[in-house]
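Some notes on the structure that comes next.
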Amino acid sequence: MTMAIQRDSTGDAAMRSLPSIFEAACLIRCTGVGRSPGARPLGHDFGPGSGPAPGPTSGSAIGTLTPGASFLSGGDTALPGPSAAPAYTGAALRAGGVAVLAEFNQPEAAERLSRLLADLGVAASWATLVGGGRRQYFVHRVTIPGSSWVSTVGQLAAGWRQGRHFLLRTDPVGASSPHNARREALARRAWQAASLAAGRQRRGGLFGVRLADQEMAAVLVRSARLLGATASIRSRPGCLQVSVTSVTSEAALLEITTPPLRVAS
């Protein structure tokens, strides 16, 4: 009986943390579109910035896929093994065993991911780096200890799979059921992440984002429906454009387009 209660408590805790884990995974999956002028591969040496600064192209995600983004985009069955960290991160590992998890050109996205990870017990930090010589551009980089790379990416990958499963399942649920409330919460987190990290645009619909990940695009379309809106996907050179084409209310549009101000408790 005691073991059963402990398992139930562990499951409840995992469900409570799922929205934050899922949002963090969505932020990472939204990187990789809108290559910034002079963007370099992950191993390029940037100079330290003096603090948060706007990116070179307003609203676009940085053009280099970090190991974290690549890992999360590796398929539903990909999970890191015990020896994955040193081999997989490669140039992402820095002096002191620090691993780069994600890079954005918007400081708000980097700050949000760091706060979500900290809320989940991961010692994440973010910093602004400057590159490009005369044509300066800014990269907002989120790092975690190399020792926690495998466990963190494994947690994010599992949270992504579970959240995606909840959102894409089509079984009917009652409007007041906890299951439906969970799906709406995950849908809201997916669009909030995209509004921070993906390339925002307002042409071809009421609101839209540009991203490279097909699974993330499908999640956004489904999430829009759960929040009372309709969204479509169009292929564009180098990216996918997900546009909100109609909403049932202004509240639905605000839920989709308004980034979070703080990490939910």
Side-chain angles (χ1 to χ4, degrees), residues 15-34 58-61 72 76 104 106 108-109 112-113 115-116 119 159-236 239-265:
M15 281 300 168
R16 286 194 298 270
S17 63
L18 178 59
S20 293
I21 299 173
F22 182 69
E23 183 185 346
C26 288
L27 282 166
I28 296 173
R29 290 186 76 109
C30 284
T31 60
V33 175
S58 178
S60 63
L72 288 175
D76 285 345
F104 306 93
Q106 295 300 314
E108 295 84 2
R112 177 66 176 176
L113 178 57
R115 293 178 66 187
L116 285 168
D119 192 53
W160 164 257
R161 289 199 311 271
Q162 191 172 12
R164 177 177 175 273
H165 171 73
F166 274 125
L167 285 173
L168 297 184
R169 60 190 299 177
T170 58
D171 56 308
V173 293
S176 60
S177 75
H179 189 172
N180 193 61
R182 184 179 301 128
R183 289 204 290 194
E184 289 185 358
L186 292 172
R188 193 174 301 111
R189 293 295 190 105
W191 269 103
Q192 288 176 345
S195 70
L196 280 178
R200 298 165 61 108
Q201 55 85 37
R202 287 186 177 273
R203 290 176 294 181
L206 298 173
F207 176 79
V209 294
R210 300 184 307 276
L211 62 159
D213 190 291
Q214 292 183 349
E215 290 186 354
M216 185 67 202
V219 161
L220 289 178
V221 170
R222 174 62 173 165
S223 297
R225 175 180 290 186
L226 290 171
L227 294 174
T230 302
S232 63
I233 303 175
R234 291 186 178 183
S235 180
R236 291 288 184 264
C239 71
L240 297 171
Q241 178 179 305
V242 183
S243 299
V244 177
T245 55
S246 66
V247 292
T248 57
S249 66
E250 287 297 319
L253 184 61
L254 285 175
E255 282 195 316
I256 288 173
T257 61
T258 305
L261 297 178
R262 62 181 179 84
V263 177
S265 57

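Hydrogens, waters and symmetry mates play no part in the numbers below; they use all other heavy atoms, side chains included.
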>> A side-chain contact here means heavy atoms from C-beta on lying under 4.5 Å apart; do Phe22 and Leu167 qualify?
In response: yes
>> Does any part of the side chain of Val209, heavy atoms only, come nearer than 4.5 Å to the side chain of Trp191, both counted from C-beta?
In response: yes
> Under 4.5 Å between any side-chain heavy atoms of Arg189 and Cys26, yes or no?
Replying inline: no
> Shortest non-hydrogen contact from Leu240 to Ala217?
Replying inline: CD1-CB, 4.1 Å
>> I want to check something: taking the side chain as every heavy atom from C-beta on, are Ile21 and Trp160 in contact at a cut-off of under 4.5 Å?
In response: no
> Quick one: does Arg169's side chain get under 4.5 Å of Arg183's, heavy atoms only?
Replying inline: yes
> Is the closest side-chain donor-acceptor distance between Ser246 and Thr230 under 3.5 Å?
Replying inline: yes
> Looking only at heavy atoms, which two atoms of Val247 and Ala252 are closest? And how far apart?
Replying inline: CB-CB, 4.4 Å
> Less than 4.5 Å apart, any side-chain heavy atom of Met216 and any of Cys30?
Replying inline: yes
> Are any of the side-chain heavy atoms of Gln162 and Leu18 separated by less than 4.5 Å?
Replying inline: yes
> Looking at side-chain heavy atoms only, is the closest gap between Leu186 and Arg222 below 4.5 Å?
Replying inline: no
> Between Val242 and Ala231, what is the shortest heavy-atom contact and its length?
Replying inline: CG1-CB, 4.3 Å
>> Looking at every heavy atom in both Ser232 and Thr245, which two are closest together, and how far apart are they?
In response: OG-CG2, 3.8 Å
